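The structure appears right after this line, and notes come after that.
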Amino acid sequence: MNRAILLLAAAGFFAAGTTRVTDALLPGIAASFAVSIPEAAVAITAFTFAYGLFQLLYGPIGARIGPFRTVALMTALTAFTTALSAAAPTLLWLAIARLVSGLTCAAIIPMSMAFIGDSVPYEQRQPVLARFLTGHISGLVAGQAAAGLLAELVSWRTVFLFLGAGFALVAVFLARERTPRTVPSRPAEPSTSPLLQYARVLRVPWARVVLVTVTLEGLFCFGAVAYVGAFLRETFAISYARIGLTLAAFGLGGLAYALSVRRLLAALGEVGLAAVGGSVMALAFLLLAAAPSPWLAGPATALCGLGYYMLHNTLQTNATQMAPFDRSAAIALFAFGLFVGQAVGAALFGLALPRLGYRGGFLVVAVALVLIGLAFARAKRGAAAVGR
């Protein structure tokens with residue numbers, strides 16, 4: 001892994017930290033503003049919706065100024081927008097601050113993937129993407145564990161200040177890195193309209209399969225994961241620090257995947273990784289639904305992280321090649337689907353809580369995830385058979 005990818009992984013570390021940090025802070029935010037857990041979840045929905053929506057802005061920008069330069073610029077801006085959340089006087093202002101933070105942070109991980117897609121041959125790409133993901137996954141682990149601990153010792157506002165400082169430090173190193181602008185493997189067709197760029201990607205049948213799958217993955221998996229912390233707090237009355245450590249187990253499962261990706265890929269192939277990944281996530285939510293004590297939540301969350309990255313890294317790899325004539329636009333659509341799915345999923349899970357409860361919601365999600373993994377595996381097998 002060269003220096004440029006290491007720096008992108010560092011940016012991904014803080015981007016992942018701020019993406020899921022609110023999960024562990026949700027009970028504290030609700031208490032701070034004297035609102036219910038579903039009402040406080042607007043802070044999650046605002047960030048994830050903006051993060052997904054504004055991918056459509058960065059696809060054309062990445063195609064024109066280069067993915068690496070896009071990441072460097074937006075990492076610097078995210079240092080400021082993340083710190084804004086610490087000063088929010090009301091829940092409405094926190095939601096606005098998180099929305100703006102989602103807007104600026106949106107470029108970091110997908111444009112890093114576009115840079116790798118432009119720079120690394122497809123045959124070597126999944127392990128390289130998995131190594132890049134170690135930064136992203138470590139950010140999930142550190143962010144959620146530290147968020148719970150700091151919320152217990154200081155306040156949830158301090159967490160956003162730490163994240164802002166981290167973005168600022170990485171931005172300095174990215175600005176000093178000299179990386180040649182990469183060129184896609186096939187030049188994009190001339191276009192003055194970003195809408196035409198996206199339309200060209202959507203005309204590719206396999207691109208539509210990948211995009212629908214990642215949207216459903218985000219909707220069901222992270223729509224439910226966003227409420228695991230609240231479930232543990234309300235059901236077992238455990239501390240915020242312990243909630244943070246439990247949620248951090250998701251990232252530990254992801255790290256286990258990243259460390260074993262070559263062996264798993266050799267044993268299962270992309271088709272097997274997708275099918276098994278969906279099934280492992282389903283098992284994790286079944287365990288959460290049946291958990292008689294908080295001790296089972298940690299292993300279940302780690303299993304969820306392992307299964308998620310088995311499926312998601314396979315989707316990522318396919319996304320980098322589903323429209324090589326305009327890779328920045330393709331990756332932007334991919335991230336758009338994932339994070340809009342997350343935003344909608346968090347909102348829908350909150351709406352379903354009064355009827356289903358946490359455990360009933362986890363059961364529904366388990367069924368959905370196993371079907372998603374199997375459906376993509378079948379589609380991938382069919383695409384390979386016809387020589388996509």
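Note that the coordinates shown come from a computational prediction; the quantities given were computed from them, not determined experimentally. What's counted below: heavy atoms across the whole structure, side chains too, no hydrogens, waters or symmetry copies.
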Pair R98-T45, side-chain donor/acceptor within less than 3.5 Å: no

Quick one: does M322's side chain get under 4.5 Å of V204's, heavy atoms only? no

Is atom CZ of R208 surrounded by more than 12 heavy atoms (other residues, nucleotides or ligands) closer than 6.0 Å? yes

Can you find a pair of side-chain heavy atoms, one from F334 and one from N318, that are under 4.5 Å apart? no

Over 12 non-hydrogen atoms of neighbours within 6.0 angstrom of CZ in F173: no

With a 3.5 Å distance limit and no angle check, can you tell me whether R327 reaches the backbone of T320 through a side-chain donor-acceptor pair? yes

Under 3.5 Å: donor-acceptor pair, side chain of T18, backbone of F14: no

Check: N313 main-chain N/O paired with T317 side-chain donor or acceptor under 3.5 Å: yes

Aromatic contact between Y227 and F231, with the criterion being ring centroids under 6.0 Å apart: yes or no? no

So Y58 and L103, do their side chains get closer than 4.5 Å, heavy atoms only? yes

Just wondering, do D118 and P67 contact through their side chains at under 4.5 Å, heavy atoms? yes

With a 6.0 Å cut-off on the ring centroids, do F220 and F349 count as close? no

Report yes if the distance between the aromatic ring centroids of Y308 and F222 is under 6.0 Å, otherwise no. yes

Could you tell me whether W156 and F162 have their ring centroids closer than 6.0 angstrom? no

Considering all heavy atoms, the nearest P294-R242 contact: CG-NH2, 3.4 Å

Taking W93's backbone N and O only, do any of them form a donor-acceptor pair with T90's side chain (distance below 3.5 Å, no angle check)? yes

